[in-house]
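Written out below as structure tokens is the structure these notes cover.
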Amino acid sequence: MEFDRSRTDFREVLLDIYDRLDAHFGDLHWWPADDPFEVMVGAILTQNTAWTNVEKALASLKKTGALTPEALLNIPEETLAELIRPAGYYHLKAARLKAFIQFFTDNYSGHVEKMQQEEWPVLRTKLLGVWGVGPETADSIVLYACEKPLFVIDAYTRRIFFRHQFAPEKMHYDALQGLFMDHLPHDASFFKQYHALIVNTAKHFCRKAPRCDGCPLKSLKPPYEPAGVKQ
DNA sequence: GTCCGGTTTA
DNA sequence: TAAACTGGAC
């Protein structure tokens, strides 16, 4: 099956989807965190993990005063692992946090402001070089911690856009990202809200077992499909 | 393709 | 009791 994204009004389709979701959910104020550093730590902790469990891990880090670059640099990895245990994959994530903090300290002296001064394509490449940081984690940090206009793709984005037949199921991360980046204005606040809306939509309606009742996208037509054709 | 994993949700 | 959870490395 061909996925025709060449039509000139694909931008209008993406904006239509945004408007529908924004009207339904309103301003979601993502990413939920006290500061950019907490966003970065949360981005690693939330890898394949429910956010409610990440909140517990972040709470225990705060409670013990460990949620600073200096503290995380010096804390023993095993101690860190126990603190973040509720987030799951805790041995793995302790190692990943350590790798990221080392990078953050070496390159930006542990200052988010210095990181924010980096050109985002450069920053993204550097982040992808850190062990434990893949495309979604890197882009979450670039967008939500550094306020740079980069569209974040996740499993929810894939699910929703595949089901509505805008993209093949296993479309590569960068290709799917390009679908948004090539057709939408590069605005950080807009991208933040769009991704947040996608996550909410997937949690409420576009679950693994779909609940299309009441979904703002229920009446959405695939861009290439003639109106009225039943799937 | 497999492994990492405690916790919540259905 | 099983599925799912704001992935990434090997």
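By convention in this document, chain letters (A, B, ...) are assigned in the order of the sequence lines, proteins followed by strands, and residues within each chain are numbered from 1. Since the model is a prediction, treat every value here as computed from it, not as a measurement.
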Assuming nearest nucleotide by heavy-atom distance, tell me which of A:Val130 and A:Lys203 is located more 5' along DNA chain C. A:Lys203

Between A:Leu128 and A:Val199, the residue closer to the 5' end of DNA chain C by nearest nucleotide is A:Val199

If we ignore angles and hydrogens, is there a donor and acceptor under 3.5 Å between the side chains of A:Asp139 and A:Tyr173? yes

Hey, are A:Asp154 and A:His195 close enough side-chain-wise for a donor-acceptor pair under 3.5 Å?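 Per modelled atom types, A:His195 and A:Asp154 side chains form a pair under 3.5 Å.
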
Less than 4.0 angstrom from a charged side-chain N to a carboxylate O is my criterion; do [X] and [Y] meet it?
X        : Y        : answer
A:Asp16  : A:Arg20  : yes
A:Asp174 : A:Arg124 : yes
A:Lys148 : A:Glu118 : no

Across all chains, not counting sequence neighbours, the ring-ring contact (aromatic ring centres under 6.0 Å, His included) partners of A:His91 are none

A:Trp31: partners by ring-ring contact (aromatic ring centres under 6.0 Å, His included), with sequence neighbours left out: A:Trp51, A:Tyr144

Report the relative orientation of the aromatic rings in A:Phe151 and A:Phe180; use parallel for angles under 30°, tilted for 30 to 60°, perpendicular for over 60°.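 Rings of A:Phe151 and A:Phe180: parallel, under 30°.
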
Which label fits A:His204 and A:Phe25: parallel for a plane angle under 30°, tilted from 30 to 60°, or perpendicular past 60°? tilted

In whole Å, measure the gap between the [atom1] atoms of [N] and [M] for me.
N     : M     : atom1 : answer
B:dC3 : C:dT6 : P     : 23 Å
C:dA3 : B:dT2 : P     : 16 Å
C:dA2 : B:dG5 : C1'   : 15 Å
B:dT7 : C:dG8 : P     : 23 Å

Under 4.0 Å between any heavy atoms, over every strand shown, what does A:Arg159 touch: base, sugar-phosphate, or nothing? Just pick one. sugar-phosphate

Contact class for A:Val54 vs. all strands (heavy atom < 4.0 Å): base, sugar-phosphate, or nothing?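 No contact at all - A:Val54 keeps every heavy atom at 4.0 Å or more from the nucleic acid.
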
Base versus backbone protein contacts along nucleotides 2-10 of chain B [heavy-atom cut-off under 4.0 Å; B, S, -]: --BBBBS-S

At a heavy-atom distance below 4.0 Å, which nucleotide of DNA chain C is the first touched by chain A, and which is the last? C:dA4 to C:dC10

List for me each residue that meets side chain to side chain contact (heavy atoms under 4.5 Å, CB included) alongside A:Asn74, sequence neighbours excluded, and say none if there are none. none

Start with the C-alpha gap between A:Leu184 and A:Tyr18, add the side-chain angles, then the distance that decides, and say whether side-chain contact (heavy atoms from CB on, under 4.5 Å) holds. CA-CA 11 Å; A:Leu184 292 172; A:Tyr18 178 89; over 6 Å; no

For DNA chain B, which residues in residues 27-44 of chain A have a heavy atom at a distance below 4.0 Å?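 When residues 27-44 of chain A is checked for heavy atoms under 4.0 Å from DNA chain B, there are no hits whatsoever.
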
